[in-house]
A.B. asks: 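Let me begin by handing over the structure; questions about it come next.
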There are 2 protein chains.
Amino acid sequence: MSKVATLPEDRRNIVDDIAEYLYREITSMRLLPGTRISETDIAAQFGVSRQPVRDAFRRLESMELILVRPKRATEVRKFSIQAIEKSRFVRASIEAAALRKAAEHCDVAGGFQLDSCIALQQKALAERDFGAFGALDYDFHRAICEIGRVPYAFEVIKAEKEKVDRLCILGLAKEQRMPELIRDHEEIARAIKAGDAEAAVAAGMRHLSRLDDTIAAIRVNSAAYFADDET
Amino acid sequence: MSKVATLPEDRRNIVDDIAEYLYREITSMRLLPGTRISETDIAAQFGVSRQPVRDAFRRLESMELILVRPKRATEVRKFSIQAIEKSRFVRASIEAAALRKAAEHCDVAGGFQLDSCIALQQKALAERDFGAFGALDYDFHRAICEIGRVPYAFEVIKAEKEKVDRLCILGLAKEQRMPELIRDHEEIARAIKAGDAEAAVAAGMRHLSRLDDTIAAIRVNSAAYFADDET
DNA sequence: GTATCCAAACTTGGATACAAGTATTGACTT
DNA sequence: AAGTCAATACTTGTATCCAAGTTTGGATAC
């Protein structure tokens with residue numbers, strides 16, 4: 001009875017807490033790439049032993065967010081040009097496939113879902129609510145996957161997006177680009193609703209490529225956060 | 001001096017050994033889905049403490065190969081219909097993008113690389129060397145990624161392929177289908193060399209879809225290895 | 001003043017001991 | 001004989017201790 005209710009919260013280990021904390025610190029760039037972190041320090045900070053911290057480190061290591069160097073030190077992983085390239089290729093490939101599926105399966109309800117995302121996004125921009133704007137961008141891309149009946153595609157997009165989003169925090173003048181992004185969404189929605197897969201993919205790829213020069217600029221301005229070669 | 005030489009082998013932890021061992025056991029289906037494995041047992045088997053085994057378990061858990069249930073037991077993860085669908089969608093998406101790139105960038109050397117793979121594969125089939133046949137299939141898809149100048153794409157394909165390959169070990173009559181697969185490869189190579197991206201993608205997708213009925217059959221014949229719902 | 005070398009402090013890797021929860025098996029009661 | 005309950009064995013989670021290697025800083029020799 002009550003066990004069923006207590007189980008979910010009981011499942012949350014110390015490891016989960018620490019891993020989630022570090023994940024947020026790193027992906028929000030409060031912990032910068034190259035920063036050294038110590039199992040002992042984090043353990044003391046949370047008032048636990050090193051063991052759960054160890055497990056949390058292992059989890060973040062498998063997410064490629066930290067670099068554990070045996071007997072040496074553990075540090076927040078720097079950006080890798082190759083990793084970014086791979087991530088962007090994966091996301092573009094998945095997004096293209098999802099767009100084709102969406103153009104194929106879009107119905108009236110789906111079209112309305114896209115339009116409603118865009119309208120809310122225009123509202124958020126007008127109100128300068130940039131947090132909501134980002135969340136709605138999220139929703140738009142998720143809607144595409146749902147319309148295409150490939151909801152799992154968004155899991156991949158989300159994972160790849162988060163990798164690059166950490167990087168983009170370093171960028172400037174994001175607000176100026178938002179109207180452009182909304183126009184992209186409008187174009188994508190139009191193509192999907194028209195069932196024109198190729199136009200949807202073309203618009204989608206153009207949308208994604210807008211990040212390229214931003215990333216290139218960050219790579220120059222924040223070279224210290226980039227690894228020299230892949231380790 | 002000698003330190004530099006000893007470091008690479010020193011980097012190999014016990015954790016790596018255990019994780020690799022378990023990985024091979026699971027992906028080769030020597031350890032069947034649902035089999036319960038214990039940290040203590042594996043530790044005794046390797047003559048080490050539970051600590052490195054724990055770390056190895058965490059690594060395999062993040063690869064979704066095992067399911068660690070706190071205080072209960074750890075077992076080899078069963079197949080999930082949803083996970084298979086997702087994996088196949090991801091691979092198809094990446095492969096389609098790689099094929100387009102390959103058709104765009106293929107030169108004489110690239111064409112020769114593809115033809116040589118196919119020739120060797122025909123030889124392997126004639127000699128009934130099925131191990132070599134599988135390895136060459138691997139090489140063919142890697143060659144496509146290299147020709148398309150997206151080598152990292154193969155890392156994704158490889159990861160997704162391994163997930164499904166474990167499943168396909170349960171299938172039967174793989175040899176009968178090999179000539180069909182070679183003809184697919186020939187068609188793909190022809191389209192790539194001709195620079196016809198859409199034909200290459202079409203042939204590639206047809207190639208991948210040959211697994212669909214095999215998987216459907218396995219799902220019926222080996223229902224015990226499939227999870228009821230996603231956990 | 002500079003370079004070299006050694007020692008101490010800090011890092012993670014691994015082993016052991018204990019804690020907490022679950023499943024199973026046995027005895028006991030009905 | 002069947003069902004219930006409790007004890008026991010087994011699971012993973014956490015804490016602590018020791019081992020091994022790297023780095024860093026200071027002392028010493030030149």
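Nothing here was measured: the structure is a model prediction, and the numbers come from that model.
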A.B. asks: Could you give the NZ-to-C1' distance, from B:Lys71 to C:dC18, as a whole number of Å?
C.D. replies: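 After rounding, the gap between these two atoms is 12 Å.
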A.B. asks: Examine C:dG13: is either OP1 or OP2 under 4.0 Å from a nitrogen or oxygen in the side chain of A:Arg54? Give yes or no.
C.D. replies: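 Answer yes for this pair, as a side-chain N or O of A:Arg54 is under 4.0 Å from OP1 or OP2.
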A.B. asks: Under a 3.5 Å threshold, yes or no: a donor from one side chain and an acceptor from the other, between B:Glu162 and B:Thr27?
C.D. replies: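 Their side chains do not contain a donor-acceptor pair, so the 3.5 Å distance test is not met.
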A.B. asks: Would one find a side-chain N or O of A:Thr74 under 4.0 angstrom from OP1 or OP2 of C:dT11?
C.D. replies: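 So the side-chain polar atoms of A:Thr74 never come under 4.0 Å of the phosphate oxygens OP1 or OP2 of C:dT11.
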A.B. asks: With heavy-atom distances below 4.5 Å as the criterion, would you say the side chains of B:Leu32 and B:Tyr225 are in contact?
C.D. replies: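 Yes. Closest side-chain heavy atoms under 4.5 Å.
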A.B. asks: Hey, can you tell me if A:His207 and A:His141 have their rings parallel, tilted or perpendicular (30° and 60° cut-offs)?
C.D. replies: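 Ring orientation, 0 to 90° scale: parallel.
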A.B. asks: Any N or O donor-acceptor pair linking the side chain of B:Arg50 to the base of D:dG13 at under 3.5 Å?
C.D. replies: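 Indeed, a donor on one side and an acceptor on the other fall under 3.5 Å apart.
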A.B. asks: Nearest nucleotide by nearest heavy atom, which residue falls closer to the 5' end of DNA chain D, B:Gln51 or B:Asp41?
C.D. replies: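 Upstream on the strand: B:Asp41.
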A.B. asks: Base, sugar-phosphate alone, or nothing: which one does A:Glu39 contact when heavy atoms must sit under 4.0 Å apart?
C.D. replies: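 Sugar-phosphate, no base atom in range.
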A.B. asks: Quick one: is B:Thr40 getting a side-chain N or O under 4.0 Å of the D:dC10 phosphate, OP1 or OP2?
C.D. replies: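 No, B:Thr40 has no side-chain N/O under 4.0 Å of OP1/OP2 on D:dC10.
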A.B. asks: Calculate the interatomic distance between A:Phe46 atom CZ and D:dT14 atom C1'; express it in whole Å.
C.D. replies: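 In whole Å, D:dT14 C1' lies 16 Å from A:Phe46 CZ.
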A.B. asks: Quick check for you: among D:dG13, C:dA15, D:dA15, whose closest atom lies nearest to any side-chain atom of B:Pro70?
C.D. replies: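 Among D:dG13, C:dA15, D:dA15, the one nearest the side chain of B:Pro70 is D:dG13.
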A.B. asks: Could you state the CD1-P distance from A:Ile14 to C:dA19, rounded to the nearest angstrom?
C.D. replies: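 It is 15 Å, rounded to the nearest whole Å.
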A.B. asks: Which whole-number value in Å describes the distance from A:Ile66 CD1 to C:dT11 C1'?
C.D. replies: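 Taking CD1 of A:Ile66 and C1' of C:dT11, I get 14 Å after rounding.
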A.B. asks: Rounded to whole angstroms, how far apart are CZ on B:Arg69 and P on D:dT11?
C.D. replies: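 In whole Å, D:dT11 P and B:Arg69 CZ are 12 Å from each other.
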A.B. asks: Distance check, rounded to the nearest 0.5 Å: B:Glu180 atom CD versus B:Arg206 atom CZ?
C.D. replies: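 The distance works out to 10.5 Å.
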A.B. asks: Suppose we define a pair by two distances each less than 3.5 Å, Watson-Crick or G-U wobble; what does D:dA2 pair with here?
C.D. replies: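 Its partner is C:dT29.
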A.B. asks: Measure from NZ or CZ of B:Arg166 to the centre of the six-membered ring of B:Phe79 and say whether it is under 6.0 Å with the direction within 45° of the ring axis.
C.D. replies: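 Yes, a cation-pi geometry.
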A.B. asks: Taking a pair as Watson-Crick or G-U wobble with both distances under 3.5 Å, which nucleotide is matched to C:dT11?
C.D. replies: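 When the pairing criteria are applied, D:dA20 turns out to be the nucleotide that pairs with C:dT11.
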A.B. asks: Rounding to an integer number of Å, can you tell me how far B:Ile37 CD1 sits from D:dC10 C1'?
C.D. replies: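 So the two atoms are 15 Å apart, to the nearest Å.
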A.B. asks: Let's see if you can work this out: which of D:dT14, D:dA15, C:dG14 has an atom nearest to the side-chain heavy atoms of A:Val48?
C.D. replies: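 Among D:dT14, D:dA15, C:dG14, the one nearest the side chain of A:Val48 is D:dA15.
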A.B. asks: State whether B:Ser49 places a side-chain N or O below 4.0 Å from either non-bridging phosphate oxygen (OP1 or OP2) of C:dG14.
C.D. replies: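 No, B:Ser49 has no side-chain N/O under 4.0 Å of OP1/OP2 on C:dG14.
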A.B. asks: Which part of the nucleic acid, if any, lies within reach of B:Arg36 when heavy atoms closer than 4.0 Å are counted: base, sugar-phosphate only, or nothing?
C.D. replies: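 Contact class for B:Arg36: none.
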A.B. asks: Have B:Glu85 and A:Tyr152 got a donor and an acceptor in their side chains that come within less than 3.5 Å?
C.D. replies: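 On atom types as modelled, these side chains qualify, holding a pair under 3.5 Å.
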A.B. asks: Starting at CD1 of A:Ile42 and ending at P of C:dT11, how long is that distance when rounded to a whole Å?
C.D. replies: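 A:Ile42 atom CD1 is separated from C:dT11 atom P by 11 Å.
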A.B. asks: Distance check: side-chain N/O of A:Arg58 vs OP1/OP2 of C:dG13, anything under 4.0 Å?
C.D. replies: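 The answer is yes; a side-chain N or O of A:Arg58 sits under 4.0 Å from OP1 or OP2.
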A.B. asks: Round to the nearest Å and state the distance from B:Asp55 atom CG to D:dG13 atom P.
C.D. replies: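 Nearest whole value for this atom pair: 12 Å.
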A.B. asks: With a cut-off of less than 4.0 Å, is there a side-chain N or O of A:Arg72 near OP1 or OP2 of D:dT23?
C.D. replies: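 Looking at the OP1 and OP2 atoms of D:dT23, one of them is under 4.0 Å from a side-chain N or O of A:Arg72.
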